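A quick note: this is a predicted structure, and the numbers were derived from the prediction, not measured.
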Amino acid sequence: MCGIVGIVSHQPVAQVIYDSLLVLQHRGQDSAGIVVSDKNKLNLRKGNGQVSDVFHTRHMLELTGTLGIGHVRYPTAGCSSSAEAQPFYVNSPYGITLAHNGNLTNVEKLKAELYQSDLRHINTESDSEVLLNVFAHELQSCGSLNINADEIFTAVTETHKRIEGAYAVVAMLTGKGIVGFRDPRGIRPVVYGKRETADGAEYMIASESVALQTSGFELIADLKPGEAVFIDVAGTIHRQQCATSPKLNPCIFEYVYLARPDSIIDDIYVYKARLRMGVKLARKILKQMPKHDIDVVIPIPDTSRPSAIELAYHLGVKFREGFIKNRYIGRTFIMPGQQMRKKSVRRKLNPIDIEFKGKNVLLVDDSIVRGTTSKQIIQMAREAGAKKVYIASAAPPVRYPNVYGIDMPAANELVAHERSEAEIAEYIGADWLIYQELDDLIDAVQKGNRRIKKFDCSCFDGKYVTNTVGVDYLDKVRSLRNDSAKEASEDQLNVVGIELHNNA
């Protein structure tokens, strides 16, 4: 999960990109980067950390140019590394920079092709660098010195034919314009919009509509699956479908957790979808426990709040805020390494004792992935004086890894893997646990856009919509994403950092 943004303007764009990345920070807090094109010169700044850590005034003053792209990242495998911060750059053809949200599932095959056939060298472990080089090769094969929109769309078409997986992409051709494109299944989100200024129209491409809204851009549309948009330096927009058999299968976990509630994705209001999840969950609770003894419903901040509000209303019980969140601790779900996540939970949340003492409390979370956070929060509720602690998940059990750009670990590290709901409740220390039904989740989201016939629900049902994910690939994912591998990678980086410090 990452956040991308690209802007074509008649005025300097660095500040607008910076502001947009701040709005998209929830999609990645590991690294950030901005590159702008000042005529034919590129100005790039990227590094580890959150947006406000990477960019200071002196850096922003150097980012001059009227078109540019930006990226916020979190790693889905391995560990944090500034070498994998985006955007990536390749000098031929034209000087291309690229930022990517998603994950390619045939990356090893592509690496071999790029070296043996395309004669291109890959310098990192990032699949985004692979994607950049595939796109660059196709541009070089079909483009001319004065490349036009049709040639760019041909290159996107050929790129679609070679790569598999999930990808929302924004790429800048130095001095020429910005390209955005989306995979033929539309798994990861990407939108574009426009704002009028005294100097003419400006365009933005971004992961979520909220990035457009906060900078005064009007949402035009989501990019359709397989569609590409090219905005040239003059501010002319070109669009074309570049895939032969596109189907819209967006990732349903975007609506559960990833996206901001004030975003609109594929014509679905995320906030409204989460409200409907709460209604569905309340109905299931009333069916399973019609004479429930729940005294109060408390959300686990922040994503679950809309679901918890509606759930409490339909159960006819009080809704209360029981945890105060430290705004300076990032999202624990996207922190690399189990040890870091464990340390962050108690620093992140602090209970309001009076809302727990002597009460039967129903905690509501958006989802339960590893169970580590849930276990600690339930313990915190008991320490605050709760008589009974129930927990409800607005999503079904997460039983399978996500391979399309979300850092869900190896299956055996998921708390729901080969456990019944009763066993999960015992493991996390809850008196009772209830999950959303998958059909109810789908209906809650789909109600916002009935044209979407199928979502990617692979982390819940193990059915991968690209039909190219096999046992061998999942085994590889497990070896890269398990926490022991991540912690070993982090330790290796720490050793390197110490050695560099000592040699300095």
Side-chain angles (χ1 to χ4, degrees), residues 256-257 261 271-327 332-333 345-398 415-416 419-437 440-441 444:
V256 170
Y257 174 81
Y271 180 75
K272 298 289 280 186
R274 289 177 183 166
L275 290 176
R276 292 190 291 267
M277 291 174 205
V279 176
K280 297 281 189 182
L281 197 51
R283 289 174 182 168
K284 184 177 178 182
I285 290 171
L286 289 172
K287 185 181 292 185
Q288 289 195 6
M289 197 163 53
K291 296 181 180 180
H292 68 79
D293 59 351
I294 300 166
D295 296 316
V296 63
V297 172
I298 293 176
I300 297 173
D302 280 316
T303 319
S304 66
R305 188 172 288 113
S307 297
I309 290 171
E310 281 295 277
L311 190 154
Y313 175 79
H314 286 272
L315 289 183
V317 301
K318 293 178 181 178
F319 170 88
R320 291 290 185 268
E321 295 286 352
F323 294 102
I324 298 302
K325 183 178 180 180
N326 183 346
R327 301 291 172 184
T332 52
F333 175 84
V345 174
R346 285 185 177 263
R347 288 184 295 175
K348 179 180 177 179
L349 298 175
N350 191 55
I352 303 173
D353 292 2
I354 196 171
E355 298 299 344
F356 292 91
K357 284 181 179 177
K359 297 177 183 178
N360 297 332
V361 177
L362 175 64
L363 302 178
V364 181
D365 208 349
D366 52 80
S367 58
I368 301 171
V369 180
R370 296 168 176 87
T372 307
T373 300
S374 302
K375 195 172 189 175
Q376 293 187 64
I377 290 173
I378 289 167
Q379 182 60 34
M380 289 165 66
R382 294 197 188 281
E383 291 170 0
K387 189 163 58 175
K388 291 182 181 177
V389 181
Y390 306 135
I391 187 165
S393 168
V398 176
V415 70
R419 284 190 178 100
S420 67
E421 291 187 18
E423 289 170 333
I424 298 167
E426 182 180 3
Y427 177 82
I428 63 177
D431 292 296
W432 184 61
L433 163 67
I434 189 165
Y435 280 104
Q436 187 85 265
E437 293 294 327
D440 286 343
L441 173 62

Any side-chain to backbone donor/acceptor pair from [X] onto [Y]? Under 3.5 Å, distance only.
X	Y	value
Q436	A395	no
R382	G429	yes
D431	V389	yes
S304	V364	yes

Check [X] against [Y] and note the closest heavy-atom contact, atom names and distance.
X	Y	result
K359	V296	CD-CG1, 4.1 Å
I294	V317	O-CG1, 3.5 Å
F356	P351	CE1-CB, 3.9 Å

- prompt: With the threshold set at 4.0 Å, does a side-chain nitrogen-carboxylate oxygen contact exist between D293 and K388?
  reply: yes
message: Assess whether a salt bridge exists between K325 and D302, defined as any Lys/Arg side-chain N lying under 4.0 Å from an Asp/Glu carboxylate O.
response: yes
message: Is there a side chain to side chain contact (heavy atoms under 4.5 Å, CB included) between I391 and I377? Walk through the geometry before answering.
response: CA-CA 10 Å; I391 187 165; I377 290 173; over 6 Å; no
message: Could you tell me if the side chain of N360 sits less than 4.5 Å from the side chain of W432, heavy atoms only?
response: no
- prompt: Does the side chain of S393 come within less than 4.5 Å of D365's, by heavy atoms?
  reply: no
- request: Mind checking the OG1-CD1 spacing from T373 to I428? Nearest 0.5 Å is all I need.
  value: 10.5 Å
- request: Sorted by first residue and then second, give each side-chain hydrogen bond (donor to acceptor under 3.5 Å, both in side chains) pair with at least one member in residues 312-323; sequence neighbours left out.
  value: R305-E321
task: Step by step, work out the side chain to side chain contact (heavy atoms under 4.5 Å, CB included) result for M277 and D440.
output: CA-CA 8 Å; M277 291 174 205; D440 286 343; over 6 Å; no
task: Could you give me the CA-CA distance, side-chain angles and deciding distance for Y390 and I434, then say whether side chain to side chain contact (heavy atoms under 4.5 Å, CB included) is met?
output: CA-CA 8 Å; Y390 306 135; I434 189 165; over 6 Å; no
